[in-house]
Amino acid sequence: MNRTFKASVVENKKLINNHYLITLNPAVKIRKPKPGNFFMVAVDTGLDPLLKRPFSVHRWIDGNFQLLYRVVGKGTKILSEKKPGNVLDILGPLGKGFPAPKKNRQVILVAGGLGVAPVFSMAENIKNRAPLLFYGTKTKKSLLLIDEFRSLGIDPTVSTDDGSFGTKGNIINVLKRYLTRNSLPVTRYVLYACGPEVMLHALSHLATEYKLKGYIAMEQNMACGIGTCLGCVVKTRKGHKRVCKEGPVFPIEEIVWD
Amino acid sequence: MNRTFKASVVENKKLINNHYLITLNPAVKIRKPKPGNFFMVAVDTGLDPLLKRPFSVHRWIDGNFQLLYRVVGKGTKILSEKKPGNVLDILGPLGKGFPAPKKNRQVILVAGGLGVAPVFSMAENIKNRAPLLFYGTKTKKSLLLIDEFRSLGIDPTVSTDDGSFGTKGNIINVLKRYLTRNSLPVTRYVLYACGPEVMLHALSHLATEYKLKGYIAMEQNMACGIGTCLGCVVKTRKGHKRVCKEGPVFPIEEIVWD
Amino acid sequence: MPKKKNIDLKVQIGKLKLKNPVMTASGTFGYGDEYAEFVDLNTLGAIVVKGLSLKPKQGNPPPRIVETPSGMLNAIGLQNIGINSFIKKKMPFLRECKTRVIANFFGDTIDEYVKAAEKLSSVNGIDALEMNISCPNKQSGWIIFGTDPKVTYKVISAVRNSTNLPLIVKLSPNVTDISHMARVAEDAGADALSLINTLSGMAVDIQTRKPKLANITGGLSGPAIKPVAIRMVWECSKKVNIPIIGMGGIISSDDAIEFLIAGASAVAIGTANFIHPGITAEIIKGIRNYMSSKGISSVKEISGSIKC
Amino acid sequence: MPKKKNIDLKVQIGKLKLKNPVMTASGTFGYGDEYAEFVDLNTLGAIVVKGLSLKPKQGNPPPRIVETPSGMLNAIGLQNIGINSFIKKKMPFLRECKTRVIANFFGDTIDEYVKAAEKLSSVNGIDALEMNISCPNKQSGWIIFGTDPKVTYKVISAVRNSTNLPLIVKLSPNVTDISHMARVAEDAGADALSLINTLSGMAVDIQTRKPKLANITGGLSGPAIKPVAIRMVWECSKKVNIPIIGMGGIISSDDAIEFLIAGASAVAIGTANFIHPGITAEIIKGIRNYMSSKGISSVKEISGSIKC
Ligand SMILES: Cc1cc2nc3c(=O)[nH]c(=O)nc-3n(C[C@H](O)[C@H](O)[C@H](O)COP(=O)(O)OP(=O)(O)OC[C@H]3O[C@@H](n4cnc5c(N)ncnc54)[C@H](O)[C@@H]3O)c2cc1C
Ligand SMILES: Cc1cc2nc3c(=O)[nH]c(=O)nc-3n(C[C@H](O)[C@H](O)[C@H](O)COP(=O)(O)OP(=O)(O)OC[C@H]3O[C@@H](n4cnc5c(N)ncnc54)[C@H](O)[C@@H]3O)c2cc1C
Ligand SMILES: Cc1cc2nc3c(=O)[nH]c(=O)nc-3n(C[C@H](O)[C@H](O)[C@H](O)COP(=O)(O)O)c2cc1C
Ligand SMILES: Cc1cc2nc3c(=O)[nH]c(=O)nc-3n(C[C@H](O)[C@H](O)[C@H](O)COP(=O)(O)O)c2cc1C
Ligand code: FES
Ligand code: FES
């Protein structure tokens, strides 16, 4: 199955300020993406913007897929203006997704901001494993998918920077407190996280401190999405690795932070 | 009244193969364009295509205006994909339109191909002067507006390159034959023409030969449309003149052909 | 961050004081008058007029412009009405504008440069000169003045000695080491540098197999060249002590601010005027908003503030 | 015009015979394998691999790429697996492809260039070498090999003397007179020229005031640079007798044909591979259609057919 295809917009819905959920219908049958996989999306037909934009798969529903995105620059702005019927050029699914958790592990999902998009996809996949979810955002208004998580049987532990919902403060501290209060041996936990760099960085400190294992999804500017431009590398203990190819999901201990 | 404005697409209708009629509704009240005036249209919001595209005003209907255009390159392709509700950035009306014909003159309108767009606008304006229309196209299928001309009381004399409608051959020859068969003194005629360069060139030869006066609408690549880039000049007997400012309509004898 | 109330947009280019750092790029704003309908000219930092020569010039035959991806090529061929007509027909209007007027000029020979500079220097209402050295030099086989350091030095010092007005030298970007040319210009007495002029480029019609411009090659401008321009401003600002006017592809206040951060003291808006005739005023507003939201009181604090 | 049936796409670059003029540009096609899914590699004129050095290179820290209007800046820093790993891990696959394999390489010193060339020349399945001289020269203060004619001549002749393979020299476009550099390369023994490499550029984040690339500056590629590339191909093709491989912003067969008309004998597709991984095959098809519709039987007739 070719990974270059066209997909038409089924729906492009504003969820909250600047956040959109787009549903795409591929013109051909495509591979089913795994949680943590991503698609490169050409938001327009001209030569500006030039490059495709990477977005994590959020949901896969009967051959259609959904992306959850935030308007941050010109590409996402243009994407937000797309209407049902518009057709987009897409490449994917790409990258290495989240590996399945080993048996007997207590899965801890950690989402920061829009990192919730792929984390939800993972949650859906392993809902029968009763994962825990730690989810932090700036403020109550930017919380997404709470009902959807609940309908998977997951009750999110939430924190907001301004305290407008859940605990006030950052979610890694909330997770830390949870771990200190809990008696399970750390080897029983496994982390699956996606969020802003500062959150992942803090999580990696926590993981080192508590000797936790787990996986994080990284972001980096991308040109090709298929491993050839070498543009998207991150520093790892084994040298530069490509987010689009060896990632976006990496074992948490592998990443070297500046 | 500012000549930079936004207009929303009311309708964007394919007339025949590659030819479209777009109806635009300005967001603010704009100056009423004259026949021969043109608008610069930004077909998209990105930086490619970069420049606005020039289009002659075709019709003005109660504050809305229509452009008649052909898909020839990337800008017009994108324009043809616009849907009702899409909003375009526009500059205009621009340029010098066709001057009103002097009293007692027999107006001869000459249109080649899509040159019919502004010629129709002129015809509408002076329909009470019983103008003659000579209209040439490649083939019967590319003839436009025949009914509309008739409803103005004008019965077009048509030629097609392939003879599929009207006389076979080019319209300037048809006009020439008409003139040779007619007894009106040449000073009674005045030409108003728009069409491909080769047609206008041939018309200017005819005008010289028959000492006919008249006006032709020229085209040239444009950047600004308001006279500042000096990009759109044509050679005239008085040096380079700007199509966007001194034109697009020029006295026929003024243009110097290579 | 607290929103600032007192925003100081004033900048100084040599002796020349501007109310704000936003100027127009030569050749893209005519002689100012055509734009009066779209932007309040009094709000501009300066108007730089279309390049002038001693005698009027017809310029190149058409076609003179062609669009390219996020850019355009032009080969106007420096068409202009000549200095005399400019003084007579355009200066009366420009003198009334509450902004600085900068006369861009050029010549075919060093002598023509000097004469043009002298003539323009005596005109009431011209606040500074910008000399365009991206023009072919008749005396050395029509090689561009601005690409041979020795010729560059010679023509600039000659002009320097013939005017007391602030002298801005507009460098050609089509060189191996722009910072070297910048130093040459500084040594020769330039009060400021404008960069960049257009990149030399070309386009071919694959149907006719003819160049799309009658002149064959032309100058590439617009957003496409911005990364090259930013790099050159940055390189030069590290090497010279005179102020730099940055230009090349500015289409928004973000772009203008990028040039300032990279090392420019002021910016000029070119091709963007063709696309949005009111863009200059919007860019001034955008710089003000940026400063306000960041709590920056003087635009001078932005210039060269890049953190490498 | 009658539609042609017999379309001959074959071209020759020095001794190197290609089945068609469409190659991949170094650094944009990896070592070929990643693209096998998107394009039948056997249909390509040649695969030019990512630039190789004697020892593996880590390259620059991220961020390494940033989009610009109709273009992108990259500062990969020549990350590569090194010649030994390339031979062991990548050549077995490439040897099986029914296309030409061109090894792009570079060094920090003339000696490294020579050693790399020698090593690559002994490898079964490598059909030609492309030397990238847009790299800093350790021995002369990290100034680019390709910007100083004397150094350029020296490094090319040294490599020339150490290989019998067709030697393609990839010129740096960041010079005042590209046609002079082209003649220098020809004199030094190059069998063909590749042009252009990326233009030096830069972008700054106005929020953080930091360069958007960790390396500060990077190379500009993509459609934005096409007009500069076309102009350089045209200028050089008038001055040298060796064939030119044109590249810089090709995104369609129309672009490729434009390069051929301007004077290129073959073309290379770079940044476009990132956007449409199957683009190379489409461009070959497009050239064929153009020839068919124009009644052109050999692609060689197109090369340099510009009418000025
Ligand atoms: C593997 C991966 C998955 C992602 N998943 C999502 C998602 O599910 N939802 C979502 O909203 N965003 C996601 N992002 C981030 C998203 O790709 C960027 O927000 C988007 O590319 C910004 O484009 P722009 O044109 O609006 O912004 P601009 O700032 O105008 O973009 C300029 C350039 O920078 C690149 N860029 C900017 N920000 C990022 C970023 N954070 N990561 C990578 N490239 C960037 C763009 O692709 C473009 O090339 C993901 C990124 C990666 C790498
Ligand atoms: C005063 C005037 C009035 C016009 N009126 C009409 C009209 O009513 N209907 C219509 O279909 N066309 C009209 N044209 C031509 C129209 O502007 C071009 O067909 C259009 O710009 C092509 O854009 P593109 O992006 O599709 O083509 P491309 O070839 O991709 O355009 C590339 C560049 O060339 C310019 N260009 C290409 N062809 C022309 C041309 N013939 N004239 C000027 N610039 C050109 C474009 O504006 C653009 O900058 C008019 C032109 C002028 C100057
Ligand atoms: C149509 C046109 C005409 C120009 N004429 C001149 C000129 O007469 N003198 C000059 O110094 N620069 C001239 N320039 C160069 C601009 O002033 C400016 O340096 C260049 O276009 C880059 O800026 P931009 O990308 O914002 O347009 C001209 C540019 C264009 C596009
Ligand atoms: C990400 C990237 C990596 C590149 N790496 C190399 C390289 O290793 N060696 C080289 O000679 N050129 C390299 N280039 C330059 C290209 O081969 C090509 O000359 C340039 O990108 C212009 O072509 P384009 O506009 O089609 O991309 C690289 C370009 C890009 C974009
Ligand atoms: S995006 Fe090109 S290697 Fe990852
Ligand atoms: S289009 Fe700029 S002067 Fe006419």
Side-chain angles (χ1 to χ4, degrees), chain B residues 1-6 31 40-54 72-76 78 89-95 197 218-247 255-258, chain C residues 24-39 49-51 56-81 203 212-214 218 221-224 226 249 251-252 255 270-279 282:
Chain B
M1 263 180 283
N2 201 317
R3 289 191 291 175
T4 54
F5 61 92
K6 289 185 189 298
R31 293 182 212 176
M40 297 288 287
V41 178
V43 298
D44 218 339
T45 49
L47 299 177
D48 175 72
L50 183 68
L51 303 170
K52 291 191 166 84
R53 277 22 184 181
V72 298
K74 84 172 145 189
T76 44
I78 292 170
D89 244 329
I90 298 181
L91 178 63
L94 303 166
E197 204 168 296
M218 301 290 290
E219 289 190 7
Q220 188 57 266
N221 289 3
M222 290 186 173
C224 70
I226 57 170
T228 60
C229 74
L230 306 181
C232 67
V233 299
V234 287
K235 283 188 210 165
T236 76
R237 304 212 181 277
K238 296 171 196 157
H240 286 135
K241 287 199 175 180
R242 296 165 295 184
V243 168
C244 72
K245 195 84 185 176
E246 286 84 35
I255 301 300
V256 176
W257 303 91
D258 287 319
Chain C
T24 65
S26 177
T28 66
F29 211 71
Y31 304 103
D33 43 350
E34 320 272 19
Y35 279 94
E37 173 189 349
F38 302 102
V39 48
V49 302
K50 172 72 188 160
K57 274 189 77 138
Q58 270 287 337
N60 290 324
R64 289 177 169 189
I65 54 172
V66 51
E67 193 184 74
T68 66
S70 295
M72 62 176 277
L73 287 167
N74 89 77
I76 308 301
L78 295 166
Q79 174 180 340
N80 77 96
I81 58 176
K212 287 189 177 174
L213 296 172
S221 66
K226 196 186 69 169
I251 193 111
S252 68
D255 294 334
T271 302
N273 290 302
F274 303 152
I275 304 162
H276 305 296
I279 192 81
E282 277 172 43

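Here is the naming used below: chain letters follow the sequence lines, and residue numbers restart at 1 for every chain. Owing to the predicted nature of the structure, the values given are computational and were not obtained by experimental measurement.
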Measure Phe38(C) against the heavy atoms of chain B and call it side chain, backbone, both or neither at under 4.5 Å. side chain
Who wins among Leu91(B), Thr4(B), Asp48(B), Leu230(B) for the most heavy-atom pairs under 4.5 Å with chain C? Leu230(B)
Most contact-rich option vs chain B, by heavy-atom pairs under 4.5 angstrom, among Gln58(C), Gln79(C), Lys212(C), is Gln58(C)
Under the 3.5 angstrom rule, does the side chain of Gln220(B) hit a backbone N or O of Val234(B) as a donor-acceptor pair? no
Go through the atoms of Asn273(C) and report whether side chain, backbone, both or neither lie under 4.5 Å from a heavy atom of chain B. neither
Pick from Gly75(B), Ala42(B), Cys224(B) with the largest number of heavy-atom pairs that fall under 4.5 Å of chain C: Cys224(B)
Can you pull the salt bridge (charged side-chain N to carboxylate O under 4.0 Å, His left out) pairs that have at least one residue in residues 25-36 of chain C, sequence neighbours excluded? Arg242(B)-Glu34(C), Lys245(B)-Glu34(C), Asp33(C)-Lys90(C)
Contacting moiety of Tyr35(C), where chain B heavy atoms sit under 4.5 Å: side chain
Closer than 3.5 angstrom, by distance alone: can the side chain of Ser26(C) be matched with the main-chain N or O of Gly51(C) as a donor-acceptor pair? yes
Quick one: does Ser70(C)'s side chain have a donor or acceptor within less than 3.5 Å of a partner on Pro223(C)'s backbone? no
Distance from Arg3(B) atom CZ to Ile90(B) atom CD1, nearest 0.5 Å? 14.0 Å
Interchain contact, Asp258(B) with chain C, by part (heavy-atom threshold 4.5 Å): neither
Which residue in the set Glu246(B), Glu219(B), Met222(B) passes side-chain contact (heavy atoms from CB on, under 4.5 Å) when paired with Cys232(B)? Met222(B)
